[in-house]
Amino acid sequence: MCGTLDLSALPLGCITLIISFTSPRDACRLSLVSTAFNSAAESDAVWGSFLPSQYQALIPSSLSFSSKKQLYLSLCENPLLIEAGRKSFWLERMSGKKCYMLSSKDLSIIGSDPPEYRRWISTRGARFDEVAYIRRFRWFEIRGRISISMLSPMTHYKAYLVCKVRNFCGLQFFPVKLSVGVVGTEGSKRSAYLQPKKERRRWPYWQIGEEQPIPGDDVQFPKARVDGWLEVEMGEFFNEGCVDDGELEMSALEIEGGIVKGDLIFQGIEIRSVTPNLCDSNLGLDSLSTAELDTAWESLLPCQYQDLIPTLDSFSSKKDIYLSLGGNPVRIEGGRKSEWEEMLHAVIQGLLHYTEWPPRL
């Protein structure tokens with residue numbers, strides 16, 4: 001017999017609690033369901049759960065917000081300068097994951113150029129008061145580090161070198177070697193040219209003294225950003241959240257060729273979270289190993305999920321755990337919350353499919 005579910009039977013505090021365990025995107029979708037869901041989804045209790053711990057210390061006293069949602073959106077749209085202006089911090093809009101940019105003053109930058117060819121300048125569109133300007137160099141080495149404890153746990157990150165090129169001379173000949181990894185480990189490695197692909201052209205042998213290499217399929221080129229800068233992907237890192245005292249290191253080296261190269265402006269290194277859609281058939285998940293798939297699905301599970309499931313050994317993968325939680329509500333607190341939990345499970349499971357078009361955050 002088909003039954004009906006009376007949304008008014010769900011306590012507002014119960015709805016608020018469950019929505020706080022979803023994501024900012026889901027909270028916006030669920031706000032469309034009913035007046036009660038809207039009240040819960042717009043509450044400070046929900047949006048406060050999406051803010052990072054100790055966020056109060058990051059907010060300047062000169063700023064005030066009428067609600068936690070307004071504060072959240074401000075942190076997404078207006079990056080804050082932290083650590084005396086050496087880093088920029090913001091939240092990824094859909095997931096609330098923490099993102100950073102290390103300023104050029106927070107990086108180690110060395111090169112072959114004389115000191116008079118290296119200086120700090122102010123430029124339009126930069127997040128920081130000053131950025132590094134390097135002229136007429138034969139080689140350079142850039143390194144940056146950030147404490148892993150500053151990153152969101154169970155999160156996939158990618159790092160990007162953010163720069164501008166005032167003179168492409170010599171930069172089209174040799175790629176920059178890029179790497180990202182925990183200090184003391186191998187990490188991921190790749191290479192990239194700092195000249196955009198559409199501006200690249202072949203040069204005759206006699207102008208550079210050796211045959212110009214032909215870029216392989218694995219060599220990247222910088223992409224234009226909406227803020228007018230260029231960015232090139234340096235590598236990626238998955239923060240499992242089990243290491244709090246290590247550091248993530250990113251490096252960019254151009255030490256080949258020995259010819260004088262053009263002028264570069266470095267704003268910094270940006271570390272952004274990536275939230276993959278595991279249901280997207282274009283991701284090529286079939287090529288991933290079992291361990292890699294488990295890591296991806298575990299990133300979607302709630303923190304301390306092990307404490308909620310008494311029979312972990314009965315599941316063959318993290319995906320099975322995720323799907324089980326989606327179809328079989330778990331009784332918690334001695335079974336005292338089972339009735340409303342099952343009801344709310346049915347509501348959220350159906351309504352998240354119903355509200356496929358999310359409003360803008």
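For the pair Ser122 (side chain) and Asp129 (backbone), a donor-acceptor distance under 3.5 Å is present. No donor-acceptor distance shorter than 3.5 angstrom exists from the side chain of Thr22 to the backbone of Ser20, with no hydrogens or angles considered. Of the possible polar contacts, none joining the Glu233 side chain to the Gly235 backbone as a donor-acceptor pair under 3.5 Å is found. A distance-only check finds a donor-acceptor pair linking the side chain of Tyr157 to the backbone of Ser152 [under 3.5 Å]. Checked by atom type and distance alone, the side chain of Thr185 never pairs as donor or acceptor with a backbone atom of Gly181 at under 3.5 Å. Put simply, the side chain of Tyr160 never gets that close to the backbone of Arg272: no donor and acceptor are under 3.5 Å apart. Remark: the backbone N or O of Gly96 is paired with a side-chain donor or acceptor of Tyr72 at under 3.5 angstrom. Within the 3.5 Å criterion, the main-chain N or O of Gly125 finds no donor-acceptor partner in the side chain of Asp227. Panel note: side chain Ser74, backbone Leu71; no donor-acceptor pair is recorded below 3.5 Å. Judged by distance alone, with hydrogens and angles left aside, the side-chain atoms of Ser31 form no donor-acceptor pair with the main-chain N or O of Asn38 at under 3.5 Å.
In this structure, Pro24 and Arg93 have side chains that are not in contact, with every pair of non-hydrogen atoms separated by 4.5 Å or more. In this structure, the side chains of Asp263 and Ile134 stay at 4.5 Å or more apart for every pair of heavy atoms. In this structure the side chain of Asp26 never reaches within 4.5 angstrom of the side chain of Ile19, judged on heavy atoms. Phe50 places none of its side-chain heavy atoms less than 4.5 Å from the side chain of Leu91. Contact of the Ser67 side chain with the Asp44 side chain is registered, since non-hydrogen atoms from C-beta on lie closer than 4.5 Å.
Hydrophobic cluster membership differs between Phe237 and Val183, with clusters built from Ile, Leu, Val, Met, Phe, Trp and Tyr side chains linked at under 4.5 angstrom. By the rule that hydrophobic residues join a cluster once side-chain heavy atoms approach within less than 4.5 Å of another member, Leu107 and Ile82 end up as members of one cluster. Cluster membership check: Phe128 does not share its hydrophobic cluster with Trp120, using side-chain heavy-atom separations under 4.5 Å among Ile, Leu, Val, Met, Phe, Trp and Tyr. In terms of hydrophobic clustering, with Ile, Leu, Val, Met, Phe, Trp and Tyr side chains grouped at heavy-atom distances under 4.5 Å, Leu32 and Leu12 are assigned to different clusters.
Nearest heavy atom pair, residue Ala224 against residue Leu230, reads CA-CD2, 4.0 Å. Between Leu161 and Ala252 the shortest heavy-atom distance is CD2-CB, 4.2 Å. Of all the heavy atoms in Glu130 and Lys105, the pair that sits closest is OE1-NZ, 2.7 Å. The two residues Val46 and Ala40 come nearest to each other via the heavy atoms CG2-O, 3.1 Å. In plain terms, the two heavy atoms of Phe37 and Leu30 that are nearest each other are CB-O, 3.3 Å. For the pair Ala126 and Val131, the tightest heavy-atom approach, listed with the atom from each and the gap, is CB-CG1, 4.0 Å.
Distance check: Arg86 CZ to Met101 CE gives 15.0 Å after rounding to the nearest 0.5 Å. Cys99 SG to Ile271 CD1: the interatomic distance, rounded to the nearest 0.5 Å, is 9.5 Å. To the nearest 0.5 Å, atoms SG (Cys163) and CD1 (Ile265) are separated by 9.5 Å. Atoms CG and CZ, on Leu81 and Phe89 in that order, are 12.5 Å from each other to the nearest 0.5 Å. Atoms CE and NZ, from Met250 and Lys158 in turn, are 15.5 Å apart once rounded to the nearest 0.5 Å. Atoms CG and CD1, on Leu178 and Ile269 in that order, are 9.0 Å from each other to the nearest 0.5 Å.
Using bins of under 30°, 30° to 60° and over 60° for the plane-to-plane angle, the ring pair Phe238/His156 lands in the tilted bin.
Checked for salt-bridge contact, Arg225 and Glu270 meet the test: a charged N lies under 4.0 Å from a carboxylate O. Look at Glu249 and Arg145 and you find a salt bridge, because one of the NZ, NE, NH1 or NH2 atoms lies within 4.0 Å of a carboxylate O, short of that distance. No salt bridge links Lys177 with Glu254; every basic N to acidic carboxylate O contact stays at or beyond 4.0 Å.
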Verdict with supporting geometry, Phe140 and Phe266, side chain to side chain contact (heavy atoms under 4.5 Å, CB included): CA-CA 12 Å; Phe140 68 81; Phe266 291 109; 4.1 Å; yes
Step-by-step side chain to side chain contact (heavy atoms under 4.5 Å, CB included) determination, Lys189 to Glu186: CA-CA 8 Å; Lys189 298 180 182 295; Glu186 186 71 16; 3.0 Å; yes
Trace of the side chain to side chain contact (heavy atoms under 4.5 Å, CB included) decision for Leu80 with Trp90: CA-CA 6 Å; Leu80 294 176; Trp90 72 100; over 6 Å; no
Worked check of side chain to side chain contact (heavy atoms under 4.5 Å, CB included) between Leu75 and Ile59: CA-CA 9 Å; Leu75 289 176; Ile59 311 301; 3.9 Å; yes
Check against side-chain hydrogen bond (donor to acceptor under 3.5 Å, both in side chains), Ser179 and Ser251: CA-CA 5 Å; Ser179 68; Ser251 66; 2.5 Å; yes
Lys68 vs Glu42, salt bridge (Lys or Arg N to Asp or Glu O under 4.0 Å): CA-CA, chis, key distance, verdict: CA-CA 9 Å; Lys68 295 292 178 61; Glu42 295 290 322; over 6 Å; no
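Within 6.0 Å of atom CD in Gln56, more than 12 heavy atoms from other residues, nucleotides or ligands are found, so the atom counts as buried in its surroundings.
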